[in-house]
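All values reported here derive from a predicted model rather than from experimental measurement.
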Amino acid sequence: MNKTMIAPDLLIVSLGLSILFLIGVVTFFYERKMHAKITFYSTVFLLFTYVIFLVLQIFGFQDSLPNQASEVTFLTMMIVFLSFGFIATSGILSRLSDFSAIFLLLLISGVSFPIFFFLIHDGLFFELHVIDQSRSSFLFLASGSMVWFFEVFMKAEKDELESQTDDFNAKFLFFLGLPVSLLCSFGHFPTESILPLALKVFFSFCAMLLGIMILNRKSDLTKASALMASLGASGFVLQSITVPIELLMPFCFVLGICFVLVRVWLQGRNWTLHGSILAVSLLISSFFSVYSVFLLIPDTNWPHSPLVLLGVQTLYLLSIFLVSTFIASVVYFLPKKINP
């Protein structure tokens with residue numbers, strides 16, 4: 001795999017932004033009483049994966065990592081993996097024992113996400129020439145699939161944070177740095193391209209937020225709206241990052257409107273508020289991104305004929321969805337928390 005050298009200063013910034021993203025995920029989706037346990041889970045996860053990184057170095061497998069394959073890059077990737085693991089398990093983690101929670105996070109963020117990463121960078125999906133220009137859409141697809149699974153089969157009786165979801169919360173700004181971390185650690189872009197590409201995602205986020213707010217009766221910057229737009233823009237735009245902003249912004253505006261309609265439809269079918277928001281901003285946005293390449297990318301840049309490309313993109317989406325829901329089903333066999 002060709003590796004693009006990125007300035008060390010930018011890698012440090014990327015690491016800091018990934019930490020902020022992790023903090024944002026924890027404060028958005030978990031009650032304060034869970035924060036101490038999540039800190040413990042995170043410490044165990046990062047120590048375990050760092051030992052794995054040292055083993056890879058000893059045996060010479062560090063070339064499988066992108067870019068500089070340094071501790072900073074690896075740590076950024078693991079923090080992003082862990083953050084999406086917390087997103088995926090936000091509806092179930094508080095009901096698991098400590099052992100089950102750590103095991104599930106290791107399985108999702110420490111095993112499945114790295115395998116998906118390999119498959120799209122050097123493995124099967126890479127060989128099939130799946131169109132994913134940032135090579136990070138598997139995070140959104142997999143997390144959204146697990147949210148879908150837990151919402152359908154193990155839904156909580158009540159959204160624990162539902163009463164706070166429509167309050168303005170400036171912590172959504174933590175999510176806006178995610179594209180930089182993904183572009184630095186997952187992509188193959190030179191240093192000078194990272195900031196312009198991140199700005200493209202930001203302007204697309206603004207367009208998507210505007211579309212969401214148009215159908216929002218309260219017409220204010222709610223937590224739910226900002227969350228859908230920040231995650232949705234990253235999930236949709238990063239897959240076709242080379243598309244001109246003049247095309248991306250109208251698409252994102254229309255998607256924002258669609259997101260609200262789908263969210264209302266899901267809630268009308270007794271989905272929890274958080275479950276509907278995450279399913280829309282992760283799974284639905286990635287679904288659109290997988291097939292929007294037919295509209296946004298010129299056919300001269302397609303790696304396959306139209307029908308073959310349709311099959312390849314569909315195979316990619318279904319593979320991630322099915323494997324992720326299978327992994328989520330492991331929670332049935334894990335010990336649950338015993339309430340006194």
*Asks:* Using the rule that two of Ile, Leu, Val, Met, Phe, Trp, Tyr join whenever any of their side-chain heavy atoms come within less than 4.5 Å, decide whether L261 and F251 are in one cluster.
*Replies:*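 Per the 4.5 Å side-chain linkage, L261 and F251 are co-clustered.
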*Asks:* Would F118 and F126 count as a close aromatic pair, with their ring centres under 6.0 Å?
*Replies:*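 For F118 and F126, the ring centres are not under 6.0 Å apart.
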*Asks:* Are the side chains of L296 and L248 in contact, using a 4.5 Å heavy-atom criterion?
*Replies:*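 L248 reaches L296 side chain to side chain.
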*Asks:* Hey, do the aromatic rings of F236 and F288 have their centres closer than 6.0 Å?
*Replies:*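 Between F288 and F236, which both carry aromatic rings, the centre distance is not below 6.0 Å.
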*Asks:* Take atom OH of Y291 as the centre, draw a 6.0 Å sphere, and report whether it contains more than 12 heavy atoms from other residues, nucleotides or ligands.
*Replies:*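 Yes, the 6.0 Å shell around OH holds more than 12 heavy atoms from other groups.
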*Asks:* Above 12 or not: heavy atoms from other molecules or residues under 6.0 Å from CZ of F294?
*Replies:*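 Yes, enclosed.
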*Asks:* Are any of the side-chain heavy atoms of K37 and D98 separated by less than 4.5 Å?
*Replies:*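 With C-beta onward as the side chain, the pair touches.
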*Asks:* Verify side-chain contact (heavy atoms from CB on, under 4.5 Å) between S112 and L107, making sure each step is shown before the conclusion.
*Replies:* CA-CA 6 Å; S112 64; L107 180 62; 5.9 Å; no
*Asks:* What about F99 and F45, same hydrophobic cluster or not, with Ile/Leu/Val/Met/Phe/Trp/Tyr joined at side-chain heavy-atom distances under 4.5 Å?
*Replies:*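 F99 does not cluster with F45.
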*Asks:* Under 6.0 Å from the CZ atom of R269, do we count more than 12 heavy atoms belonging to anything else shown?
*Replies:*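 It does: R269 CZ has more than 12 such atoms within range.
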*Asks:* Which is it for S285 and L255 under the side-chain contact (heavy atoms from CB on, under 4.5 Å) test, yes or no, and what are the steps along the way?
*Replies:* CA-CA 8 Å; S285 67; L255 275 182; 5.9 Å; no
*Asks:* Side-chain contact, heavy-atom cut-off 4.5 Å: L231 with L278?
*Replies:*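 Sidechains of L278 and L231: in contact.
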*Asks:* In this structure, which one of F116, F287, Y316 forms a side-chain contact (heavy atoms from CB on, under 4.5 Å) with L141?
*Replies:*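 That would be Y316.
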*Asks:* Among L238, L17, I241, which residue meets the side-chain contact (heavy atoms from CB on, under 4.5 Å) test with L182?
*Replies:*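 Of L238, L17, I241, side-chain contact (heavy atoms from CB on, under 4.5 Å) with L182 is met by L238 alone.
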*Asks:* Please examine the side chains of F84 and L178, heavy atoms only from C-beta on, and report whether any two atoms are closer than 4.5 Å.
*Replies:*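 Yes, their side chains come closer than 4.5 Å.
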*Asks:* For S276, is there any backbone N or O sitting under 3.5 Å from a side-chain donor or acceptor partner on E151?
*Replies:*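 Not at all, since once roles are kept as given, no pair shorter than 3.5 Å links the two residues.
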*Asks:* Honestly curious: do I102 and Y332 fall in one hydrophobic cluster under the side-chain, below-4.5 Å linking rule?
*Replies:*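 Yes, it is one cluster - the side chains of I102 and Y332 are joined through contacts under 4.5 Å.
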*Asks:* Please lay out, stage by stage, how M146 and T325 fare under the test side-chain contact (heavy atoms from CB on, under 4.5 Å).
*Replies:* CA-CA 6 Å; M146 293 180 206; T325 52; over 6 Å; no
*Asks:* May I ask you to test the C184-L10 pair for a side-chain heavy-atom distance under 4.5 Å?
*Replies:*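 The answer is yes; the side chains approach within 4.5 Å.
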*Asks:* Please work out which of the three classes, parallel, tilted or perpendicular, describes the rings of F186 and F81, given edges at 30° and 60°.
*Replies:*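 Aromatic pair F81/F186 classed perpendicular.
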*Asks:* Run the numbers on I327 and I108 for side-chain contact (heavy atoms from CB on, under 4.5 Å), then give the verdict.
*Replies:* CA-CA 7 Å; I327 291 172; I108 294 172; 4.0 Å; yes
*Asks:* Check whether any side-chain heavy atom of R263 lies under 4.5 Å from a side-chain heavy atom of W271, and answer yes or no.
*Replies:*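 The answer is no, as the side chains (C-beta and beyond) never meet within the 4.5 Å cut-off.
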*Asks:* What's the spacing between F150 CZ and L93 CG if we round to 0.5 Å?
*Replies:*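 Here the rounded value is 9.0 Å.
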*Asks:* Between Y41 and F86, is the gap from one ring center to the other below 6.0 Å?
*Replies:*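 No, ring centres 6.0 Å or more apart.
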*Asks:* Given side chains that start at C-beta, do those of M77 and F117 come closer than 4.5 Å, heavy atoms only?
*Replies:*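 Yes - at least one pair of side-chain heavy atoms lies under 4.5 Å apart.
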*Asks:* Would you indicate whether the side-chain heavy atoms of I297 and S240 approach each other to under 4.5 Å?
*Replies:*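 In short, these two side chains touch, coming nearer than 4.5 Å.
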*Asks:* Report, as yes or no, whether the 6.0 Å neighbourhood of atom CZ on F333 holds more than 12 heavy atoms from other residues, nucleotides or ligands.
*Replies:*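 Open: at most 12 neighbouring heavy atoms sit under 6.0 Å from CZ of F333.
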*Asks:* In terms of hydrophobic clusters joined by side-chain contacts under 4.5 Å, are F113 and F326 together?
*Replies:*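 Different clusters: F113 never reaches F326 through Ile, Leu, Val, Met, Phe, Trp or Tyr contacts under 4.5 Å.
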*Asks:* Around atom CZ of F202, are there more than 12 heavy atoms from other residues, nucleotides or ligands closer than 6.0 Å?
*Replies:*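 Count not over threshold, so no.
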*Asks:* Is it the case that over 12 heavy atoms from other parts of the model lie below 6.0 angstrom from the CG atom of L307?
*Replies:*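 For L307, atom CG is not crowded (no more than 12 foreign heavy atoms under 6.0 Å).
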